[in-house]
Protein chains: 2
Amino acid sequence: MRDPALIESNDADEEDIGALDGIVGFHIRLAHGAVYRHFTETFADLGLTQKQVSVLWLVGDHPEIAQIEVGSRLRMDRATTMTIVNRLEERGLLRRERSSSDGRKQAMFLTEEGEAVLEEAKRCIESHESWLKSRFSEAEIEKLVEMLARIHD
Amino acid sequence: MRDPALIESNDADEEDIGALDGIVGFHIRLAHGAVYRHFTETFADLGLTQKQVSVLWLVGDHPEIAQIEVGSRLRMDRATTMTIVNRLEERGLLRRERSSSDGRKQAMFLTEEGEAVLEEAKRCIESHESWLKSRFSEAEIEKLVEMLARIHD
DNA sequence: CCAATTTGTTAGTAGAGCATACAATTTCGC
DNA sequence: GCGAAATTGTATGCTCTACTAACAAATTGG
């Protein structure tokens, strides 16, 4: 029915994405997706998401940190930060306390279980990062991170 | 009231994310977020998302392409692809037809409006990409894309 | 021809992001 | 010091993306 030559011109090679391949943003999105999927697998047992781990990590590094501070550093708005902190609090990994220095702020701390889970999460991150870094040299990793930072800073 | 030295020890420098800064995956996520936000602003008028534009673009480049093919190339599962194609069809930018060569497949085509919107979207992409690329040299862009491809391939 | 596979579809769940509105608190201008 | 403005947290609701599970229709393979 159809002209084979015409089909060939349309049916491009496997995984061919055509001009889309030249779009930097597209590659960032695909790479993010791949990292996200591997992260999710790695953290399936712990049941933590990227955001949750980031918040846990940040609160562990900076006890008494306020939600607005966490959101600002992880580039999340207040509402988004809330839902993540709520989930961590429900799971008993983190507690909130009214800040003594500023009544508007909530000072956040890790619970004992939170500290333990963070330690385990850091081990998972190590494994996840190894998977990610395995395809690059040290110099390339440095360059990659520096370029990514130019985008998000 | 408060001890300044104590404050300094907790209140780290602006935007300090500590050891999180050494995690490659974290930078990919932040960069993706920044790109996502700029994309959304750029496409606010057109009302299209990254995924929608990608699918539109792919169908434009490969008429008669099946949903499964689109999903595979954009790394989306069938269910996710469905919701995006549904939305594009509802907006009249794309139509589905049962494939004549394989009755299981839906052959997808852009409508006239779809072609027009895709053209406009490509102009928006150009502007969005300029914003993104402005911080890099040509050689850096090439290197960045190549490294990102190593992650998602 | 029958079984397994592929593709599309539907329904349900969940995370993340965003906007809006409101309350409590702090800060700033006067 | 007082009142207005800004900050922070909270609650609600919406959207987009992604995934699972189940099912139907069509194709493919033994």
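Within every chain, numbering begins at 1; the chains are lettered A, B, ... in the order of the sequence lines, protein sequences first and strands thereafter.
Both A:Arg78 and B:Met82 lie close to DNA chain C; mapped to their nearest nucleotides by heavy-atom distance, the more 5′-ward contact belongs to B:Met82.
One interatomic measurement links the two molecules: CZ of B:Arg98 to C1' of D:dA24, which rounds to 10 Å at whole-angstrom precision. The separation between A:Phe43 atom CZ and C:dA14 atom C1' is 18 Å, rounded to whole Å. Distance CG (B:Leu48) to C1' (D:dT15): 14 Å, rounded to an integer number of Å. One atom, CD of B:Gln67, and another, C1' of C:dT9, lie 9 Å apart when rounded to the nearest Å. Going from atom CZ of B:Phe39 over to atom C1' of D:dC16 covers 13 Å, rounded to whole Å.
Among residues two or more places apart in sequence or in another chain, the side-chain contact (heavy atoms from CB on, under 4.5 Å) test is passed with A:Glu146 by A:Lys143, A:Arg150. In terms of the side-chain contact (heavy atoms from CB on, under 4.5 Å) criterion, A:Glu41 has no residue partners (sequence neighbours excluded).
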Would you sort out whether A:Glu69 and A:Arg73 count as a salt bridge (charged side-chain N to carboxylate O under 4.0 Å, His left out), showing the intermediate values? CA-CA 6 Å; A:Glu69 232 353 84; A:Arg73 295 185 195 189; 2.8 Å; yes
Between the protein and nucleotides 27-30 of chain D, list every N/O to N/O distance that falls short of 3.5 Å.
residue: D:dT27; atom: OP1; partner: B:Gly103; partner atom: N; Å: 3.1
residue: D:dT27; atom: O4'; partner: B:Arg104; partner atom: NE; Å: 3.4

Mind listing the N/O atom pairs, protein and nucleotides 16-18 of chain C, below 3.5 Å?
residue: C:dA16; atom: OP1; partner: A:Thr49; partner atom: OG1; Å: 2.8
residue: C:dA16; atom: OP2; partner: A:Thr49; partner atom: OG1; Å: 3.4
residue: C:dA16; atom: OP2; partner: A:Arg87; partner atom: NH1; Å: 3.4
residue: C:dG17; atom: OP1; partner: A:Lys51; partner atom: NZ; Å: 3.4

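Through direct or relayed side-chain contacts under 4.5 Å between Ile, Leu, Val, Met, Phe, Trp and Tyr, A:Phe109 connects to no other residue. Other members of a hydrophobic cluster containing B:Met82 are absent, since no ILVMFWY side chain comes under 4.5 Å of it, directly or through relayed contacts.
Residue pairs meeting the salt bridge (charged side-chain N to carboxylate O under 4.0 Å, His left out) criterion with at least one partner in residues 101-114 of chain B, sequence neighbours excluded, are B:Asp102-B:Arg104. Evaluation of the ring pair (Phe, Tyr, Trp, His ring centres under 6.0 Å) test over residues 42-61 of chain A, restricted to residues two or more places apart or in two chains, returns A:Phe39-A:Phe43. Residue pairs that meet the salt bridge (charged side-chain N to carboxylate O under 4.0 Å, His left out) test with at least one member in residues 85-101 of chain B, sequence neighbours left out, are B:Glu89-B:Arg96, B:Arg95-B:Glu97.
Listed pair B:Gln106 / C:dT9 meets the phosphate criterion, a side-chain N or O lying under 4.0 Å from OP1 or OP2.
Looking only at distances, a side-chain donor or acceptor of A:Thr111 sits under 3.5 Å from a matching main-chain atom of A:Gly92. Judged by distance alone, with hydrogens and angles left aside, the side-chain atoms of B:Glu120 form no donor-acceptor pair with the main-chain N or O of B:Val117 at under 3.5 Å. In this structure, the side chain of B:Thr81 engages the main chain of B:Asp77 through a donor-acceptor pair within 3.5 Å.
Within residues 89-97 of chain A, no residue is approached by DNA chain C to less than 4.0 Å at the level of any non-hydrogen atom.
The terminal axes of the helix from C:dC1-D:dG30 to C:dC30-D:dG1, fitted over 5 pairs per end, subtend an angle of 30° to the nearest 10°.
A salt bridge between A:Asp153 and A:Arg75 is present, with a side-chain N of the basic residue lying under 4.0 Å from a carboxylate O of the acidic one.
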Side chains of residues 17-24 of chain A: which donor-acceptor pairs under 3.5 Å do they make with residues two or more places apart or in other chains?
residue: A:Asp21; atom: OD1; partner: A:His27; partner atom: NE2; Å: 3.4

